Protein chains: 2
Amino acid sequence: MSRQQTPSIRMVAERAGVSIATVSNVINGKASVSPDFALRVRAAIQELGYVTDIAASRLRSGKAALAAVVVPDLTNPMFAAFVSTLEHEARVGGFDLVVVSARNDPDEEADRLASIRAWRPAGLIVIPCDGALATRLPAGLAIPAVVADRIPDHGGFDLVAVDNGPASGAVARHLLEAGMASCLVVGTSLSISNVRERWDGFAAAAGAIDAEMLDVGFERRAAENRLRARLERGRPDALFALDHMTALLAYELVARMGLSIPADLAFASFDEMEWMRLVSPGITAVRQPVEDMAVAAWALLRGRMEGREAPEETRRLECAVSIRGSTLRVPHRRTVRAG
Amino acid sequence: MSRQQTPSIRMVAERAGVSIATVSNVINGKASVSPDFALRVRAAIQELGYVTDIAASRLRSGKAALAAVVVPDLTNPMFAAFVSTLEHEARVGGFDLVVVSARNDPDEEADRLASIRAWRPAGLIVIPCDGALATRLPAGLAIPAVVADRIPDHGGFDLVAVDNGPASGAVARHLLEAGMASCLVVGTSLSISNVRERWDGFAAAAGAIDAEMLDVGFERRAAENRLRARLERGRPDALFALDHMTALLAYELVARMGLSIPADLAFASFDEMEWMRLVSPGITAVRQPVEDMAVAAWALLRGRMEGREAPEETRRLECAVSIRGSTLRVPHRRTVRAG
DNA sequence: TTGTACGCGTTATCAC
DNA sequence: GTGATAACGCGTACAA
């Protein structure tokens, strides 16, 4: 194990027998360099395995080619997909991406947002933990920021989110068609913009359905108790879970209570997960265009980083509803567009 | 939106009426600074929202509180959990973590490994795409590296992985006890160390079970066709999927072929996913200690970064098998330790 | 094509 | 003991 140090531009210059300025020119294709010199420089770079130090480069040039993304939780498949796509988009555009997870903790989010600034990224994409993002964003943030998925209480950002209301409305109409007379809608908290929009959209389209909202909070055990108590008090025709946690929780609880889907209770979820097409019957769920959301977020950020000065923009992406056996009396499959 | 620039240490110094050296000393707690000056500096930092530029800091001090992690695919829940834990460990230790996904593409992995060097991290943690990692690692990598989960063909790294063989053996013994006479073992490719070890461990403990290995490759459609062809040729008592992709694939295929679990075919998976306890019957699966793996990987890397010179170390973590209805004639639950 | 000042923060050296 | 001055790490950019 040779304890060699990482090569610097000086070592490359020395080895190629040229000045460091020439090496820099070859790397960045700036000034015209004679083919002979260019070849020698490239050879030296190869032999030494030289890679430009991004930090030093940025320090002098002032240009960053770096963006950062903060998500509430990397272990949530939706956010993971978001980050994965975003990373790809960024790299295609020649950018590096710093990925950070807040682990569902607003305090940790605040900490991360602060420490990210130490990297001097050129732009920032955030999926906030909750609506109070503005409280946690460093005061005089001098870089462009795009907020995705969840709408913060206070504006001033470009936004990308899915079309929560109409998608929820489509679910309501489907349940209506399927002959459901009552539906219990379950979400963690109406303080989350997504949950609020989804409930509003559902209620607006519910028509003859007797719709009831139950927010169970973020603490798993308490949430389960609340939901169980509600279901023991009287069973609705259908249950509609508005987010990741409540969907998992409700599905498990329903099974443990010995209720059969859809015979005893129809079941739908806003957050579509992989297993929902694997279980039997499959679970009706809203399919969110996560990849599109990442692409749109990157496009918006990129525009800002290139100096676009237009007023803040909000982009809403259309969802589709995957209808499966969990909400059908006679099991069969089809798909409808939302909105 | 004021287009203010990010504050530098100079602005802080000016505002506090001291030299930049004093500001630096206050921040890093180096030389003794009078309480009065320290207070003024801290106030200025607050007011300006100053955050030290990590890059510039590292450039001068030569010390980088930065590590990087490369995983094959962030959308795989196991890798996402690995990264999430790792990030937490790193931050607790005062380190930043650069997270990078290779999106299951060895070329992309090579690209990422190269570009990561531009950040001059102090350490590297890799879950490689395949065994040929060494081919893709920059030649004279001057920083400590830890490889996790998958064992590369060529050594020279600290390693952390789960105890694949014994865990697979435990599954074999369980199937034996459950009265299975034959088992089809399905994996993507024996070129992956995990798959190899798991198959070997299974075969070694299979005893009276007629065990057969089928590697179906990484291309989804072709894999499905191969597995279907094999199952149509004759049905084993049990099917054991050795990795994430084949578990999903096999479970779906079995359902589409109209086979019922466990009546027609018992089903087990090495990769335990969330939905495996949600479906009915639950799926018997090996539970891998992902979080422990991340913690161990960080501990090893940290040691190296602090200068530990001991020979390369391999750490194997014990798994547990969650036994569920998918492998039982009479459904009931229990858990056994592997190894 | 090259010399060199420069960007930022650290640290060794120096003055009070 | 306290604080300032200035050299320095790396790569870039402009003048020479």
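Residue numbering restarts at 1 for every chain, and letters A, B, ... go by the order of the sequence lines. Everything numeric here is computed off the predicted structure, so don't read it as measured data.
Remark: C1' of C:dG9 and CH2 of A:Trp119 are 15 Å apart, rounded to the nearest angstrom.
Heavy-atom neighbours of B:Gln46 CD from other residues, nucleotides or ligands within 6.0 Å: at or below the threshold of 12.
Using a cut-off of 4.0 Å between Lys/Arg side-chain N and Asp/Glu carboxylate O, A:Glu313 and A:Arg308 are scored as salt-bridged. Salt-bridge formation is detected for the pair A:Arg304/A:Asp158: a Lys NZ or Arg NE/NH1/NH2 atom is positioned less than 4.0 Å from an Asp or Glu carboxylate oxygen. Ion pairing between a basic and an acidic side chain is recognised when a charged N comes within 4.0 Å of a carboxylate O; A:Glu108 and A:Arg112 show such pairing. Note on A:Glu14 versus A:Arg10: no salt bridge recorded, every NZ/NE/NH1/NH2 to OD/OE distance being 4.0 Å or above. With respect to B:Asp111 and A:Arg91, a salt bridge is recorded, a charged nitrogen being found less than 4.0 Å from a carboxylate O.
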>> Working note: A:Val92 + A:His88, criterion side chain to side chain contact (heavy atoms under 4.5 Å, CB included); need CA distance, chi angles, decisive distance, verdict.
In response: CA-CA 6 Å; A:Val92 167; A:His88 190 249; 3.9 Å; yes
>> Treating primed atoms plus P, OP1 and OP2 as sugar-phosphate and everything else as base, which nucleotides of nucleotides 10-16 of chain D get B, S or - for protein heavy atoms under 4.0 Å?
In response: BBBB---
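Two residues are said to be in side-chain contact when any heavy atoms from C-beta on lie closer than 4.5 Å; B:Phe157 and B:Val126 fail this criterion.
For DNA chain C, the residues of residues 34-44 of chain A within the heavy-atom distance limit of 4.0 Å (strictly under) are A:Ser34, A:Phe37, sorted by number.
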